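Here is the structure we will look at.
All chains are named by letter (A, B, ...) in the order of the sequence lines, taking the proteins before the strands, and each is independently numbered beginning at 1. Predicted model only: the values in this text are computed from it and were never measured.
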Amino acid sequence: MSITALTLTNPGAELGNVTGWTLRAGDSSRFSAQALDPHSGTYRFLYRFSSVFSQVQFDQEIDVSAYSAVIDADTAAVRGLNWGATGGSSSISFYVQAYDTSHVQLASWSTDSYASGSYVSKPLTKALPIGTRYVRIGVTGGRLSSTDVAVWDDFSLEISDNRHTDYPGIFEPQVQQAIVYAVGGQTADDTKTHQAPILATVAAETSSGDFKVYGYQFFAYALVKKHGDKRKLRAWTFPQDDHKFYVLQLGNSNGTLIYDQLTQQWAAWKSADEVYWRGEDGCDWEGFNVCCDTLTGKIFKIDPVGRLDYNDTTDTEDTPITSIVVGGTTERFRKNIPCYMAELAISEGQPPEGIDATTVGISLLSRDTLVAYDHGSVLGTTTGDRVTVRWYGLGLMGSPGRVFEITDTGYARRIDGLNIEVGDQNGSQ
Amino acid sequence: MRLWEDGFDHYGEDTSNMLDGSYATVNSTLVTSPVATGSHSLFINGTAFLGHGQAITRKVLPSAVTTLGKTFRIYMPSLPNDSRQLPVIMSTTTASADDHHLSIVVDINGALQIYRGMHLQGSSSTYGTLLYTSDPILVASAWQHIELIVHFDNSTGWVRCAVNGVDQFLVTGLDTLNSADTVVNDCFFLFSSASVASGGTFYVDDYILYDPTVGNPLVDTDFAIADPQTDAMIGELQVWPLVPNGDTSEADWLKSSGTVGYSLIDEITPDDTDYIYSVTAGDLSEFDLEDLPPEITYVRGLGIHARMSKSDSGAAYVKLGMKSVAATSDADERPLTVEPTYWRDTIDVDPNSSARWTRDSLNAAWLRITRSV
């Protein structure tokens, strides 16, 4: 991808004459180079109109056949530029035209009129139609009233072999502007049929194969409800196997705490994909512990032997309940105690019926004040009663100690205990 | 059937963006405080004293209705203090934007008044015929959720209202049509028969329109109510904004700059200088969306608002959709225009579960953009 400047003859009239430019309309005696107020250099082009409605048109033709490969691949574009001004009583525009090898015009593009007074630039950046071999750059227009002169300077023309990448911010808006004219063309059956020639020009451009669709902003609005107001600070109790459980709903962000009054242990319960347990306002109902789910309006039965969690949030089956048990050991003073092994005793190791044993298991994490250690997981493929699971080489435990976190994703019916084997400061067991 | 939703969070603070395909007329301001949901709310502070029909914020419905449901949140810095200038929280114009079928107004006590035949004409503006005045049910300086359902009829019309999820009134046997013109729009504005502003401004957020008579009442994503006079209303919904926040391996659409696509289309304030674009029919790009927070436990619908354009006068269609796990759902093709314009589609049902979205399924889903033609 590149942009190449095409060589124009006498682009700024600096030869002191109009050599290189073909006057196609107008009086050659009124077309000259003038050494007065140029846009750059010493000279500028000047045309002095003779009468109202008199016309001027001049241009220069450039051979672009050296770029025929990219032109015929429909990736080329040209960019013409010129500076000009009028006396305010004429309407003159800058144009770029494309011709084939037989000098048949393929496309023509033009700007609006130059302003009166000071120099104004009139760039045109356009896709070259397939078959283009010559490009003309020039100006055309006429005097509308009174007397007037028009001046131009610094014509330039460049060609790009990849217009998409060479003109990312310039080329496209101009296409959009051209399309606005095309919309006007679709109303050509009204009184403004005089615009038809402009529309035909644009139609040629829109067939250039450069048709884009733009996406600027994509926004999704989810219509949602919160349930935090219904789940904050609620408490209820239920009995199970001579244990009295006390349920504390602490809101969406704090979860649900369960206190077992018999064992005096706290636990955190949560429903799948939630930070809290969805059970609310339960009671003992003729031997069954039931509670309500305000999310769905359903009644939950707390099943003391069930090992699957009811799942209504997706189309998947019920999933095993995940249990997390946390314990710890303390160390004092500036010493490091080796931990050789951790052994977990499981009263019954078997996944719930219908659950693939390779999808559940037990993992062990431990943490000290600075670091969390992942000791790995064991898949629940070993079934049977009184199963033990071991992790070896748990590293050195320093002050203030180590917290162990056992996560069972559905393998064990009950975890009986965790023993860790440690050595003394000298390394003996 | 849901007809519209808007959180006012994707126009920036330039209300002219609201006119790019979303609203018919706008006379309000987009502000960042106070807001109920997201980053912006709509501040109704321009009166309808001058400009009349042009001085209202008006949403045109996709088709005429005979029953219209509307839910939104409202915040009034203070209750109105001049009965010549009162908030109009729901109104439907006739074919003449200066004449209205039915208008629901907040009075100086926070009560709702229902008028038929409101007329906007500067100092000659009139409220019309008063049909009903409720007890005071709104207070100042608090976001309150309002649900309104209006049935339009010459003799058996009715209006039902709930505030913060609690039913407030049902008024039946009303003439709620001011002319034979169809009901095809909904408005917010500030009525004024005084040239001097005298309070009554209000903020709006979480704006939803629906027709409760269309759809299956047993399917909550249909926004239908079996008996709209007595059955539970839609409830306190928030319109929660989700912007693209990640590219995926499905990325046919080209980038105006750089190699990251989502950052070109995630603006809160629309920016037409950066974009993704497609030059080939069939191009598909998928993007990850922001996640809903954990406190969201119920997703009743999903509306996608996209600002798009095309470069040419030829046909160009784009389909918006969602991908959930491996299942996809695309909305109808939308014929783009040359000017950047908002298009809105709904994907209320998770294509993977064929049920409403859950927080987790929506968090895992991807936005799909397909150039179909």
### Choice from B/Ala315, B/Ser354, B/Ser256 maximising heavy atom contacts with chain A below 4.5 Å
B/Ala315
### Aromatic ring proximity, centroids under 6.0 angstrom, B/Tyr342 and B/Tyr11
yes
### Task
Go through the atoms of B/Trp253 and report whether side chain, backbone, both or neither lie under 4.5 Å from a heavy atom of chain A.
side chain
#### Entry: Contacting moiety of B/Arg2, where chain A heavy atoms sit under 4.5 Å
side chain
### Task
Indicate, with yes or no, if the rings of A/Tyr216 and B/Tyr275 have centres closer together than 6.0 Å.
yes
### Task
Tell me, please, whether B/Phe223 has B/Arg300 positioned over its six-membered ring: NZ or CZ under 6.0 Å from the ring centre and within 45 degrees of its axis?
yes
### Task
Tell me, for B/Leu254 versus chain A, whether the close heavy atoms (under 4.5 Å) come from the side chain, the backbone, both or neither.
neither
### Close aromatic pair by centroid cut-off 6.0 Å: A/Phe219 and B/His10
yes
### Query
Where does B/Ile268 contact chain A at under 4.5 Å (heavy atoms): side chain, backbone, both or neither?
both
### Query
Given the rule in the side chain to side chain donor-acceptor pair (under 3.5 Å) test, do B/His305 and A/Gln217 qualify, once you have shown the distances and angles that lead to the verdict?
CA-CA 8 Å; B/His305 295 237; A/Gln217 186 189 30; over 6 Å; no
#### Entry: Validation row, ring centre B/Tyr207 to ring centre B/Phe72 under 6.0 Å
no
### Task
Just give me the residue among B/Gly38, B/Gly235, B/Pro270, B/Ser257 that pairs up with chain A most often, heavy atom to heavy atom, under 4.5 Å.
B/Pro270
#### Entry: Donor-acceptor pair between B/Asp283 and B/Ser278 side chains, under 3.5 angstrom
yes
### Task
Counting only heavy atoms closer than 4.5 Å, note whether B/Leu302 contacts chain A via side chain, backbone, both or neither.
both
### Portion of B/Asp271 that has a non-hydrogen atom of chain A nearer than 4.5 angstrom
backbone
### Task
Quick one: which of B/Ala316, B/Gly301, B/Ala306 has the most heavy-atom pairs under 4.5 Å with chain A, could you say?
B/Gly301
### Task
Can you tell me which residue pairs pass the side chain to side chain donor-acceptor pair (under 3.5 Å) test with a partner in residues 239-248 of chain B, sequence neighbours excluded?
none
### Task
Tabulate, in ascending numerical order, the residues of residues 366-373 of chain B having at least one heavy atom closer than 4.5 Å to a heavy atom of chain A, or enter 'none'.
B/Leu367, B/Ile369, B/Arg371
### Query
Under 6.0 Å from the six-membered ring centre of B/Trp4 and within 45° of its axis: does the NZ or CZ of B/Lys59 meet both?
yes
### Task
Considering only heavy atoms and a distance below 4.5 Å, find which of B/Asp6, B/Ile304, B/Asp345, B/Ile276 pairs most often with chain A.
B/Ile276
### Message
Counting heavy-atom pairs under 4.5 Å with chain A, which one of B/Thr346, B/Leu242, B/Asp206, B/Asp266 comes out on top?
### Response
B/Leu242
### Message
Does A/Lys270 qualify as a cation-pi partner of A/Tyr276, given the criterion of NZ or CZ under 6.0 Å from the six-membered ring centre and within 45 degrees of its axis?
### Response
no
### Message
Would you say B/Asp222 and B/Tyr210 are linked by a side-chain donor-acceptor pair, where the criterion is simply a distance under 3.5 Å?
### Response
no
